[in-house]
There are 2 protein chains.
Amino acid sequence: MVVTLRDVARAAGVSPATASRALSAPDLVAPARREHVQQVARELGYRPNRAARELITGRTGNLCLVVPDLENPFFAAVAKGVQARARALGFALLVADAEEDPRLEAELVGHLGAQVDGVVLCSPRMSDLELDRLSHDVLDDDVPLLLVNRLHGGYPSVVIDNADGVRQAVRHLHALGHRRIGYAGGPVGSWSDSQRRHGLEHASHGLRSVEVTDLGHFPPLFGGGVAAGDLVAASGVTAVLAHNDLLALGILSRLRARGVRVPEDVSVVGYDDIPAATLVSPALTTVTVPLARLGRAAVDLLVEVGQVPTATESALATALSSAGAGRDPGAAGTPPSVLIGVELVVRASTGVANAQTSEVGE
Amino acid sequence: MVVTLRDVARAAGVSPATASRALSAPDLVAPARREHVQQVARELGYRPNRAARELITGRTGNLCLVVPDLENPFFAAVAKGVQARARALGFALLVADAEEDPRLEAELVGHLGAQVDGVVLCSPRMSDLELDRLSHDVLDDDVPLLLVNRLHGGYPSVVIDNADGVRQAVRHLHALGHRRIGYAGGPVGSWSDSQRRHGLEHASHGLRSVEVTDLGHFPPLFGGGVAAGDLVAASGVTAVLAHNDLLALGILSRLRARGVRVPEDVSVVGYDDIPAATLVSPALTTVTVPLARLGRAAVDLLVEVGQVPTATESALATALSSAGAGRDPGAAGTPPSVLIGVELVVRASTGVANAQTSEVGE
DNA sequence: GGATGAGATGAATGCGATTTCAGCACGGTT
DNA sequence: AACCGTGCTGAAATCGCATTCATCTCATCC
């Protein structure tokens with residue numbers, strides 16, 4: 001029925017050992033014989049049994065990706081990038097949706113971690129403590145874990161340059177004459193939100209007479225933006241920076257519904273540049289994150305730190321040299337992390353500040 | 001280092017055979033002993049080695065899903081549903097993105113099919129011929145393949161009720177007084193597009209004095225809709241039905257840019273009800289497809305026809321009894337297929353026809 | 001009370017590959 | 001001529017688990 005290595009060996013007139021070597025360690029076999037075995041294997045349609053190989057080598061040829069929500073366009077894009085890169089390196093990808101649940105997240109890492117060569121955990125919702133616990137209790141020692149969109153001592157990571165994105169956005173708004181800028185934040189525990197808050201604070205200090213108003217924390221969804229929209233209208237700001245695009249789209253929608261014109265009355269800036277950002281009108285000015293590259297970088301770094309052998313080593317060489325991705329080799333003992341650069345894309349949702357309301361304080 | 005079954009057996013004072021049975025065939029072991037072994041296994045933190053188990057049973061505990069584009073919100077939603085259901089039944093899910101490429105699609109099915117208990121192939125772009133070839137050349141005989149969004153003799157499938165969706169849309173437009181209706185179609189080879197065209201033809205025959213104008217084939221993307229928008233404006237129709245939401249959104253955007261008011265001048269209806277449909281204004285009237293349910297149904301049917309043993313059999317019983325999902329048991333020998341019902345959701349992009357332009361012919 | 005059978009257990013086998021280890025042949029060196 | 005290293009090859013030992021088969025113990029029935 002199914003062709004096994006013994007069949008190939010028999011048909012080629014060699015021992016199973018030699019057949020095995022001819023196919024997976026060609027250097028150890030005399031050229032003529034090697035060719036012959038490979039030929040026979042091809043003719044017979046031999047396909048090595050992955051389970052048998054895994055059993056003895058301990059390697060599965062699989063990676064796994066855990067995200068909070070597959071339907072979120074941000075994570076979908078990351079997943080696409082990770083999948084593509086994994087495949088290019090010869091890995092299959094197990095994908096799991098943690099449904100925004102920290103407990104499920106840990107459980108999935110535990111379950112799937114047992115059957116893969118490495119785990120990519122994207123935007124983990126779990127606490128630092130739980131994150132720590134993963135490497136002790138949940139995961140085998142030889143299964144490397146990499147974080148995306150979260151920095152945590154002990155794990156290698158790929159993160160977005162949140163501070164720079166926020167700075168670019170603030171500078172843009174400042175250049176347009178905005179002085180009172182609102183920030184519609186993400187969920188309370190969000191790591192990237194705290195990063196962006198810090199960046200925002202830092203950026204505003206560097207600019208004259210910019211006043212940042214914290215509008216609070218919102219679920220990073222369209223609905224959250226609708227709620228935030230009212231606060232924007234009431235706050236007297238001339239521009240608002242949202243934690244992410246979905247939030248910004250909600251704000252946009254709510255402002256329009258209330259008759260507040262964008263960008264004439266209020267400018268709106270998002271973050272992430274999801275596809276929907278260009279589908280609305282006015283099109284959303286936002287910070288674009290090269291998510292496909294982020295996904296690639298994640299796989300490359302994971303494979304590198306995990307010493308995970310790949311089928312196609314060659315492709316790996318140029319992996320981390322791509323532009324825009326800064327590399328922090330990490331102090332001795334500290335796992336490395338990659339910083340993904342971002343870029344502001346200006347669309348129609350931002351414009352010059354209305355002179356009447358923009359002057360504050362001075 | 002790692003706890004094996006032998007360790008558990010030794011610690012529990014039984015033979016490996018008994019330990020194995022106590023854990024995976026509890027009925028065969030005396031209650032007291034069974035409890036004891038399970039207890040010991042728990043204490044030692046025993047985790048069975050999947051590779052070893054797979055090697056002997058031939059089952060992997062994995063399913064795989066192949067979609068044309070993970071970033072497309074339609075497929076993302078399907079993936080989410082499939083993943084959730086697979087996990088509920090104790091399977092892990094391998095996900096692959098075929099990048100809209102028929103060849104890659106076949107290759108992925110071949111590669112991944114070798115290491116899973118079943119394959120879900122969603123909206124395959126390959127031809128019927130290539131589809132046939134899968135079961136002969138590419139896939140092992142004992143790996144069941146299920147199609148989503150495509151009907152093809154030989155494979156079980158889960159499909160959307162395209163004809164009914166189109167009919168509901170047409171009736172809605174007819175009730176609003178529209179008589180000249182345009183159809184902006186999907187790509188030429190698209191199976192679902194031809195389904196919808198048939199449905200459209202059939203539906204319009206049933207209604208008095210409705211004239212359907214074929215606006216042609218477009219890539220089912222926002223950009224395709226922009227192109228279609230101009231044709232809509234030039235065609236003189238008062239309403240347009242788009243092959244999917246992205247296309248509809250493009251049309252919406254283009255019409256707005258040209259000063260054509262929606263829905264006052266032209267009504268627009270989409271298909272799929274992707275999240276972005278509610279984010280634009282006017283919000284898009286569209287045919288909503290319960291994609292999560294579709295994903296669930298796909299896994300359930302795959303497991304059923306494939307005789308794939310699941311960890312949690314109980315959950316399976318109620319699987320296909322969910323409302324809205326018609327079941328075609330299939331004539332003897334024909335694989336079964338499930339029809340997923342759809343529903344029109346009326347939002348702001350459709351309105352009563354303008355009296356001046358709606359009367360045609362009579 | 002002996003035959004019968006159900007129930008529980010353990011020894012042994014094998015799934016299909018990789019990998020040690022020993023053996024063999026051969027060419028070159030002392 | 002004896003010795004040694006090098007290059008290939010094959011026999012056999014795993015890897016961790018499920019499963020067959022034989023064994024053994026009792027309760028049951030006639």
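Residue numbering restarts at 1 for every chain, and letters A, B, ... go by the order of the sequence lines. It should be emphasised that the depicted structure is a prediction, and the values quoted were computed from it without experimental measurement.
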Is the distance from OP1 or OP2 of [N] to the nearest side-chain N or O of [X] less than 4.0 Å?
| X | N | answer |
| --- | --- | --- |
| R33(A) | dT9(D) | yes |
| T4(A) | dA17(C) | yes |
| Y46(A) | dA17(C) | yes |
| S20(B) | dA18(D) | yes |

Tell me: [atom1] of [X] to [atom2] of [N], nearest whole Å?
| X | N | atom1 | atom2 | result |
| --- | --- | --- | --- | --- |
| D140(A) | dG16(D) | CG | P | 12 Å |
| I56(B) | dA12(C) | CD1 | P | 17 Å |
| L23(B) | dT19(D) | CG | C1' | 15 Å |
| R10(A) | dG16(C) | CZ | C1' | 13 Å |
| N49(A) | dC15(D) | CG | P | 18 Å |
| R59(A) | dC15(D) | CZ | P | 16 Å |
| E54(B) | dA17(C) | CD | P | 12 Å |
| R47(A) | dC15(C) | CZ | C1' | 18 Å |

How long is the straight-line distance from [atom2] of [Y] back to [atom1] of [X], given to the nearest 0.5 Å?
| X | Y | atom1 | atom2 | value |
| --- | --- | --- | --- | --- |
| H136(A) | D141(A) | NE2 | CG | 10.0 Å |
| Q39(B) | L44(B) | CD | CG | 10.5 Å |
| F75(B) | S123(B) | CZ | OG | 4.0 Å |
| R59(B) | D142(B) | CZ | CG | 11.0 Å |

At under 4.0 Å between heavy atoms, what does [X] touch on the DNA or RNA strands: base, sugar-phosphate, or nothing?
| X | answer |
| --- | --- |
| P48(B) | sugar-phosphate |
| A17(A) | base |
| L5(B) | sugar-phosphate |

### Query
How far apart are the closest heavy atoms of G113(A) and L139(A), and which atoms are they?
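Residues G113(A) and L139(A), closest heavy atoms: CA-CD1, 3.8 Å.
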### Task
Could you pick out which residue, T18(B) or A51(B), lies toward the 5' side of DNA chain D when each is mapped onto its nearest nucleotide?
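The answer here is A51(B).
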### Along DNA chain D (nearest heavy atom to each residue), the more 5'-positioned of D27(A) and S24(B)
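Between the two, 5'-proximity favours D27(A).
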### Query
Please walk me through it: do E105(A) and L121(A) pass side chain to side chain contact (heavy atoms under 4.5 Å, CB included)?
CA-CA 9 Å; E105(A) 217 163 50; L121(A) 178 53; 4.0 Å; yes
### Query
Going by an N to O cut-off under 4.0 Å, is there a salt bridge joining R87(A) and E107(B)?
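No.
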### Task
Tell me which nucleotide among dC17(D), dT19(D), dT9(D) gets nearest to the side chain of R53(B).
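Closest nucleotide among those given: dC17(D).
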### Task
Could you check which of dG10(D), dC8(D), dG16(C) has an atom nearest any side-chain atom of V14(A)?
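Of dG10(D), dC8(D), dG16(C), dG10(D) is nearest to the side chain of V14(A).
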### Query
Around atom NE2 of H152(B), are there more than 12 heavy atoms of other residues, nucleotides or ligands at under 6.0 Å?
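More than 12 within 6.0 Å, yes.
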### Task
Tell whether R21(A) reaches the base of dG10(D) with its side chain through a donor-acceptor pair below 3.5 angstrom.
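Yes, a donor-acceptor pair under 3.5 Å.
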### Message
Closest-nucleotide mapping onto DNA chain C: is L55(B) or L28(B) further toward the 5' terminus? I mean the 5' end.
### Response
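Its nearest nucleotide being more 5', the pick is L28(B).
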#### Entry: Bend angle of the helix from dG1(C)-dC30(D) to dT30(C)-dA1(D), from helix axes over five pairs at each end, nearest 10°
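Angle reported: 60°, given to the nearest ten degrees.
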